[in-house]
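Let me begin by presenting the structure, written as structure tokens, before commenting on it.
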2 protein chains.
Amino acid sequence: MKFGHFDDKAKEYVITTPHTPQPWINYLGSNDFFSLISNTCGGYSFYKDAKLLRITRYRYNNIPVDSNGKYYYINDDGVIWNPGTMPSGTETDTYECRHGLGYSRFHSSKNNLEADLLAFVPVDAACEINCLTLKNNSDVAKNVSLFSYVEFCLWNAVDDSTNFQRNLSIGEVEVHGSTIYHKTEYRERRRHYSFFTVNAPVQNFDTSRDEFLGAGNGNAFPEAVRRKKCSNSIASGWYPIAAHQIDLTLAPGEEKTFVFMLGYCENPADNKWEAPNVIRKAPAKALIERFDTAEKAMAAFAELKTYWETLLARFAVTSSNEHVDRMANIWNQYQCMVTFNMSRSASYYESGTGRGMGFRDSCQDLLGFVHLIPERARERIIDIASTQFPDGSAYHQYQPLTKQGNLDVGSGFNDDPLWLIAAVSAYLKETGDYGILDEPVPFDCKKGSEVPLFEHLNKSFHYTATHLGPHKLPLIGRADWNDCLNLNCFSSEPGESFQTTGPSEGPVAESVFIAAMFVQYGKEFKEICLRTGHEDLAKEAESAVADMYQAVLDAGWDGEWFLRAYDSQSAKVGSKECEEGKIYIEPQGFCVMAEIGKEEGLAEKALDSVHKHLETKYGIMILQPAYTRYHLELGEISSYPPGYKENAGIFCHNNPWISIAEAVLGRGDLAFDVYRKICPSYIEEISDVHRTEPYIYSQMVAGADAARFGEAKNSWLTGTAAWTFVNLSQALLGIQPEYDGLAVNPCLPKNFGGLKIKRRYRDAEYYIDIRKPDGVEKGVAWMEVDGKKIAGNQIPLIPGKKEYHVTVQMG
Amino acid sequence: MKFGHFDDKAKEYVITTPHTPQPWINYLGSNDFFSLISNTCGGYSFYKDAKLLRITRYRYNNIPVDSNGKYYYINDDGVIWNPGTMPSGTETDTYECRHGLGYSRFHSSKNNLEADLLAFVPVDAACEINCLTLKNNSDVAKNVSLFSYVEFCLWNAVDDSTNFQRNLSIGEVEVHGSTIYHKTEYRERRRHYSFFTVNAPVQNFDTSRDEFLGAGNGNAFPEAVRRKKCSNSIASGWYPIAAHQIDLTLAPGEEKTFVFMLGYCENPADNKWEAPNVIRKAPAKALIERFDTAEKAMAAFAELKTYWETLLARFAVTSSNEHVDRMANIWNQYQCMVTFNMSRSASYYESGTGRGMGFRDSCQDLLGFVHLIPERARERIIDIASTQFPDGSAYHQYQPLTKQGNLDVGSGFNDDPLWLIAAVSAYLKETGDYGILDEPVPFDCKKGSEVPLFEHLNKSFHYTATHLGPHKLPLIGRADWNDCLNLNCFSSEPGESFQTTGPSEGPVAESVFIAAMFVQYGKEFKEICLRTGHEDLAKEAESAVADMYQAVLDAGWDGEWFLRAYDSQSAKVGSKECEEGKIYIEPQGFCVMAEIGKEEGLAEKALDSVHKHLETKYGIMILQPAYTRYHLELGEISSYPPGYKENAGIFCHNNPWISIAEAVLGRGDLAFDVYRKICPSYIEEISDVHRTEPYIYSQMVAGADAARFGEAKNSWLTGTAAWTFVNLSQALLGIQPEYDGLAVNPCLPKNFGGLKIKRRYRDAEYYIDIRKPDGVEKGVAWMEVDGKKIAGNQIPLIPGKKEYHVTVQMG
């Protein structure tokens with residue numbers, strides 16, 4: 001069952017009912033100012049950091065679900081409704097929500113009054129613009145009262161939802177004309193404020209929530225809207241809001257457009273005030289002036305469209321498969337941008353108050369983003385590496401506003417360091433910018449500790465190389481990629497962190513997964529060493545990688561698949577010897593990606609075991625059999641009910657690893673089948689089962705053991721986006737950035753058909769025509785560049801050349 | 001304007017409309033299991049610790065306000081309503097909420113169907129009982145569907161409201177008969193569960209919130225209630241709830257009663273399961289069996305009533321002033337019990353997730369509680385002292401479940417140690433139990449560090465005595481009683497704690513307030529030393545107190561009032577020399593309480609200045625003039641808008657200090673006037689202005705500088721309760737426990753009239769008849785005990801004597 005459809009031409013998903021199984025959301029904002037917006041206009045805004053600079057208030061886990069946002073109420077002759085239908089819940093005569101790239105558009109009508117609401121964040125301004133057009137389609141004049149409504153968050157989202165003793169006394173606003181300024185805490189330490197304005201005179205306004213809603217009411221039918229009159233309230237403590245009242249008359253056929261703007265401004269510390277207790281409004285006025293007519297607003301919207309057209313044009317495929325084209329050209333790249341911007345910080349499942357940016361997460365997100373805006377990837381790499389410790393270990397998370405490592409979670413996730421190598425090698429392959437390796441980067445953000453970025457990679461590599469266990473496999477620490485496999489914790493008390501209670505490392509528990517990472521990214525490190533004149537290091541790396549390869553063969557193979565780990569007692573995890581959790585997905589995917597056991601025939605066996613034991617119609621489960629009881633020695637993984645999350649859920653993030661691994665083996669049908677099963681566009685039809693947005697990936701789909709098999713959770717912010725784009729663009733469609741140029745090596749189903757790809761790479765455009773005879777899954781028979789055959793499948797880089805026309809014959 | 005009235009006979013406040021200015025709440029529970037319940041049935045339950053063992057889910061700061069609770073829905077021929085009117089909001093034909101001592105009772109009717117709902121927590125059981133009676137007052141039979149509804153919290157209230165990535169996958173329940181068990185996280189580390197049951201067969205049930213409410217709905221009109229059918233859903237993740245469906249037919253005049261119970265159970269760690277994944281239900285069954293008929297439930301209710309009658313009988317006054325009698329005999333004592341139980345942890349303004357028990361708070365709360373259940377006060381003293389550090393300083397807060405000090409807030413509030421002396425001296429005066437001083441009590445909860453409690457007092461005293469500044473006044477540390485006066489912080493960045501950023505002590509900033517405390521409680525320490533054979537220490541204490549007294553005279557007097565402090569630059573705080581914040585309330589109250597400057601004529605001058613500069617019609621403000629801008633050197637106090645909280649709000653907590661101080665000077669009219677202005681019963685008439693519950697104290701009333709002058713905030717959990725009871729019972733009514741017996745020394749208005757007091761003290765009953773000629777404010781002319789005149793005004797203790805009949809003639 002579907003609740004909408006793709007509009008590929010407009011690059012939009014069109015939702016045709018407000019009653020989606022979950023709120024289906026979109027992200028607005030490209031740089032600093034971000035908003036989440038649902039298909040019923042729920043959501044919130046923040047500047048840079050969803051925890052520390054939350055601009056509007058949202059209530060997670062509320063009923064009705066998703067019950068705060070930027071709302072417009074229309075009172076048309078006593079009938080109160082909203083363009084997105086919420087919060088009044090009034091059913092409209094027509095309804096449509098179009099989620100596009102960085103904007104959302106709502107089109108609805110009631111009693112021949114038509115509303116069109118366009119919400120977007122301009123590319124280069126710290127504000128959200130809402131263009132609202134009302135049109136009278138009836139044959140009589142209409143007198144309509146229009147009300148806007150946003151509820152301010154008192155900045156720090158954690159304090160805002162806990163420290164009521166203080167909060168209820170500190171709310172402050174100023175009102176000037178149609179602009180309502182929110183200035184809570186500005187009197188002391190803040191020098192930023194927000195404002196909500198409209199480009200029209202207002203009859204009345206409200207800034208006190210209780211005055212606008214009516215004390216004790218919800219926001220479905222505010223008292224001010226019912227009685228068609230705001231009371232010009234000035235909030236003093238309690239709950240500051242901004243609400244405008246605009247009374248308008250529309251002749252038959254007439255339409256009027258209003259431009260609302262929610263903005264964020266900062267003042268210099270020494271120039272905060274216009275007068276005692278009057279905030280300096282110059283920056284707000286300048287911002288308002290930029291977008292204070294419909295024309296200016298629509299120009300900004302056109303600029304946003306161009307921004308996205310330009311970005312997405314960096315990778316464009318034309319094939320006979322609409323799902324592939326749609327995901328590759330629009331939605332997968334779009335989600336990669338969002339995950340890059342947000343890491344795991346703010347979604348409808350991540351409250352934006354806890355995790356900040358993940359070290360491992362952000363490094364992986366970058367893999368799917370680096371081709372879009374390499375300059376921002378570069379900056380991010382420096383930010384991430386700056387939180388690393390001098391011994392190569394890393395803070396697991398850092399706060400986006402301060403860029404400081406997060407002490408609460410700390411360090412000891414032993415896969416973290418290697419992801420930095422993954423990110424940097426992807427950046428180098430995309431850009432050829434070896435200069436980044438010379439950038440001075442501190443440890444733990446401490447001034448004076450800077451060393452070249454290359455040294456950080458070296459530290460990363462050697463951290464793993466020198467932290468080995470009894471089987472010469474890497475020590476797992478608090479956890480590796482699977483945060484819930486906690487082999488050094490043994491927590492028996494509620495409330496303890498499964499990850500940070502107990503020793504951070506432990507001298508015995510080892511990870512086969514990190515071993516595979518080490519082989520994979522150790523090879524990249526070696527390449528980087530070679531290309532930067534560190535030959536001794538390269539040799540050392542090569543030898544360490546070879547040793548690790550052997551260690552995996554010696555101690556990491558279970559007969560039919562790769563082991564997952566050894567626990568703190570050196571007992572096997574993910575082995576046929578185990579009572580539960582006999583086979584895990586991660587080492588199968590990553591070992592084969594690293595080509596471990598490919599020659600020895602183990603790789604194929606491992607993937608066959610994945611299909612045999614872990615595959616379902618909705619994707620590949622993380623492990624089997626599910627843990628039916630808590631295993632003290634394994635930790636959080638066994639705390640989940642069977643079929644959910646890391647306990648045998650379909651953890652989408654590592655499904656592409658299997659797909660890539662299949663591509664390594666050249667099994668195109670199998671590789672694509674894995675891709676297809678979790679691909680949003682493919683499973684749009686079962687939106688009633690899947691329940692999350694059908695245009696983007698979710699973190700997890702409930703596995704076969706679960707009561708709710710097939711139901712997805714935690715949509716949007718997931719490493720799945722980046723890894724699937726790596727899989728789709730590089731492993732399946734075969735466009736592979738290498739250190740010395742673009743290689744082409746597709747792996748596709750036998751009957752996929754030919755395809756054309758346009759790729760922007762190192763300041764040149766590549767037009768690649770891939771011819772694929774039926775029956776072929778992988779292999780390049782020959783390749784022509786600008787009409788000339790070349791050896792191999794890598795397009796030679798020619799300095800200054802702006803266009804490459806490439807023909808690839810598979811076979 | 002009033003929204004109800006007192007029923008003194010029933011010891012209830014009767015609320016006659018659901019539309020109170022704020023939710024007006026009550027507390028259920030005496031020992032371990034607690035519920036908050038509002039006049040529209042909102043609220044939540046927890047076991048021992050509102051953060052760590054939250055049983056039902058509540059959403060703070062929500063709209064509609066107070067929108068979760070234990071709800072009963074009645075569908076009577078399509079009309080859906082609730083006994084407390086919420087959450088449907090359906091107006092009933094009649095409505096009444098009676099908040100009593102440990103119970104709340106709702107009586108309402110709609111369309112001739114009458115509902116009576118009684119909610120209470122039995123004295124000695126970990127459950128809340130809800131007796132619901134439905135009666136058909138019409139002359140035709142009614143077919144009614146009754147639904148219950150509670151939403152479970154996933155135990156840790158902080159995780160519950162933030163960690164959705166995990167939470168949405170872990171919810172688990174079991175259902176057996178009419179009992180719904182909530183067992184989330186039991187599979188791993190928990191060995192406790194909760195349950196919701198009813199003593200009748202149910203037609204259907206629901207445990208999945210979305211199934212019961214309908215996806216996307218609020219809880220006003222659940223889908224199951226509308227269609228009169230629950231769907232027997234078994235929650236798997238998402239939002240576990242418990243809802244029963246009972247269909248019943250009521251003949252004309254017929255009534256039926258149902259007993260619902262929300263219970264909490266623990267199992268031994270090694271006996272958690274009946275079968276794999278089936279929780280052991282024996283404790284639940286035993287608990288259910290205790291209250292599974294209306295008769296059993298009403299017997300438990302009668303026991304609760306007796307419990308409270310017995311407690312309150314320990315202090316009972318009969319005067320000609322109904323306000324005094326009502327507050328002293330019922331509500332002030334009741335609030336003292338609640339503050340003792342909760343400290344500042346869980347109210348409708350304290351989310352129960354942050355502060356735990358305060359060291360200073362709990363010590364003060366105990367002053368108003370110790371006469372009720374001295375045994376529990378004793379236990380609390382040991383708990384508090386156990387968190388003290390070996391140098392005498394103290395954790396500022398500790399967690400009630402674990403009883404461990406809270407590291408987040410840490411130490412350095414330099415008044416904390418002295419409050420321990422205050423609490424212990426009050427305990428000794430009440431009980432004469434010097435044995436407590438020999439109890440072994442650890443430091444920082446560390447086993448092996450135990451020393452006798454007396455040593456903790458000694459450490460407390462010497463901590464202050466040895467941490468003096470340039471004027472020989474005590475160093476203030478992070479803050480003293482006024483958490484917002486931060487003289488060692490200088491925070492200029494948002495998000496920093498005003499208290500814990502910066503040095504904890506600082507070698508310069510001093511507190512006149514702590515100096516007064518030192519004089520006051522130093523005298524008590526000396527007394528304790530004398531009575532326990534520590535004569536040298538007593539001498540030392542006496543001399544240190546004398547030095548401090550002199551230091552206050554030398555450096556703490558500003559000419560017309562006492563200074564508040566010296567800041568980190570030794571500049572005066574609370575002085576005529578200051579631009580803002582010239583006079584503070586705290587040192588005036590505490591210095592005079594400690595009799596500093598009484599002989600020298602300064603005390604009277606100081607109090608006169610209070611009346612002149614700080615008094616308003618709604619009470620005495622904390623300082624004047626309000627700070628109009630942020631003072632970096634003063635900290636949080638200047639961050640509040642003028643008139644709110646510590647920035648010139650009427651902080652009720654220290655109003656009784658002024659009243660007591662006036663009593664010290666013998667000015668009965670003035671003392672009582674201060675008492676009267678913030679007394680709930682006196683200001684019931686202005687409930688529309690005051691807005692919080694008219695039967696209990698709030699922390700703060702907005703001051704004269706505020707837009708909302710007279711509006712109260714943070715009701716219930718405030719030191720005001722204890723201090724007002726100390727003021728009323730000891731300073732005004734004059735019943736003063738001393739080390740060697742009960743003294744009588746009233747200080748009352750000239751025209752107050754005589755009064756009779758019954759007091760239980762050290763296992764005896766005291767019947768005290770106070771005769772007071774008009775015009776007298778203070779002074780005891782003579783006193784008779786059992787018909788015999790005695791010297792002085794202290795009743796000699798006679799071992800074994802069970803009754804004292806005392807006549808006191810003022811004059």
Side-chain angles (χ1 to χ4, degrees), chain A residues 19 21 52 59-65 67 155-156 160-166 168-170 172 185 187-190 209 213 215-219 234 236-237 239 276-277 349-351 353-354 491-496 628-630 638-641 644-645 649 699-700 706-708 713-714, chain B residues 19 21 52 59-65 67 155-156 160-166 168-170 172 185 187-190 209 213 215-219 234 236-237 239 276-277 349-351 353-354 491-496 628-630 638-641 644-645 649 699-700 706-708 713-714:
Chain A
H19 307 296
L52 299 177
R59 298 176 181 88
Y60 279 87
N61 191 13
N62 205 353
I63 48 170
V65 72
S67 63
W155 300 114
N156 181 313
D160 185 68
S161 61
T162 51
N163 191 6
F164 307 114
Q165 201 207 139
R166 175 172 166 84
L168 300 182
S169 288
I170 60 175
E172 290 189 291
E185 288 199 333
R187 82 187 327 267
E188 59 260 26
R189 300 175 299 187
R190 296 188 186 275
R209 193 181 80 198
L213 298 182
N217 284 349
N219 58 8
I234 298 293
S236 179
Y239 318 109
N277 291 316
Y349 304 87
E350 291 287 357
S351 65
T353 61
S491 165
S492 56
E493 288 303 315
E496 293 173 348
T628 59
R629 62 174 182 84
Y630 181 50
S638 57
S639 79
Y640 284 102
Y644 293 108
K645 293 280 291 173
Q699 180 209 58
M700 193 269 300
R708 305 177 74 97
K713 280 182 184 135
N714 301 334
Chain B
H19 307 295
L52 300 177
R59 298 177 180 87
Y60 279 87
N61 192 11
N62 205 353
I63 49 169
V65 72
S67 62
W155 299 115
N156 182 315
D160 185 69
S161 62
T162 52
N163 192 6
F164 307 114
Q165 202 206 139
R166 175 172 166 84
L168 301 182
S169 288
I170 60 175
E172 289 188 293
E185 287 198 336
R187 80 184 329 265
E188 61 261 25
R189 302 175 298 186
R190 295 187 187 277
R209 192 181 80 197
L213 298 182
N217 284 350
N219 58 6
I234 298 294
S236 178
Y239 318 109
N277 291 316
Y349 304 86
E350 291 288 355
S351 64
T353 61
S491 167
S492 57
E493 289 303 314
E496 293 173 348
T628 60
R629 62 173 183 84
Y630 182 50
S638 58
S639 79
Y640 285 101
Y644 293 107
K645 293 280 291 173
Q699 180 209 55
M700 192 270 300
R708 305 177 74 97
K713 280 179 184 140
N714 301 333

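Below, all heavy atoms of this structure are taken into account, side chains as well, without hydrogens, waters or symmetry copies. Letters A, B, ... mirror the listed sequences (proteins, then strands); counts begin at 1.
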Exercise. So, the side chain of A:Lys713 versus the backbone of B:Leu168: is there a donor-acceptor pair under 3.5 Å, distance only?
Worked result: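 Yes, A:Lys713 side chain to B:Leu168 backbone: donor-acceptor pair under 3.5 Å.
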Problem set entry | Any donor-acceptor N/O pair, A:Asn61 side chain to B:Phe164 backbone, under 3.5 Å |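 Looks like no, no N/O pair under 3.5 Å.
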For this session: Give, for atom CZ of A:Arg190 and atom OH of B:Tyr630, the distance between the pair rounded to the nearest 0.5 Å.
Result: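 Those atoms lie 12.0 Å apart.
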Exercise. CD/B:Glu493 to CD/A:Glu188 distance, rounded to the nearest 0.5 angstrom?
Worked result: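 It is 12.5 Å, given to the nearest 0.5 Å.
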Exercise. So which of A:Ser638, A:Ser492, A:Gly237 has the largest heavy-atom pair count under 4.5 angstrom toward chain B?
Worked result: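 It is A:Ser492.
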Chain A: which of [options] shares the most heavy-atom pairs with it under 4.5 Å?
options                                : result
B:Thr353, B:Ile170, B:Val65, B:Ile234  : B:Ile170
B:Arg629, B:Arg708, B:Gln699, B:Arg166 : B:Arg166
B:Ser351, B:Ser169, B:Gly218           : B:Ser169
B:Glu350, B:Arg187, B:Glu496           : B:Arg187
B:Gly649, B:Ser491, B:Ala707, B:Ala706 : B:Ser491

For this session: Let me know if B:Asn217 has heavy atoms under 4.5 Å from chain A in its side chain, its backbone, both or neither.
Result: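 Only the backbone of B:Asn217 comes within 4.5 Å of chain A.
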Exercise. Using non-hydrogen atoms only, which part of B:Asn62 is less than 4.5 Å away from chain A: side chain, backbone, both, or neither?
Worked result: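 Both parts, backbone and side chain.
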Problem set entry | Heavy-atom side-chain proximity of A:Ile63 to B:Arg59 below 4.5 angstrom |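 A:Ile63 reaches B:Arg59 side chain to side chain.
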For this session: Can you see which heavy atom on B:Arg189 is nearest to which on A:Gly495, and at what distance?
Result: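 The answer is NH2-N, 3.9 Å.
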Exercise. Side chain, backbone, both or neither: which part of A:Asn277 has an atom under 4.5 Å from a heavy atom of chain B?
Worked result: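 Interface part for A:Asn277: side chain.
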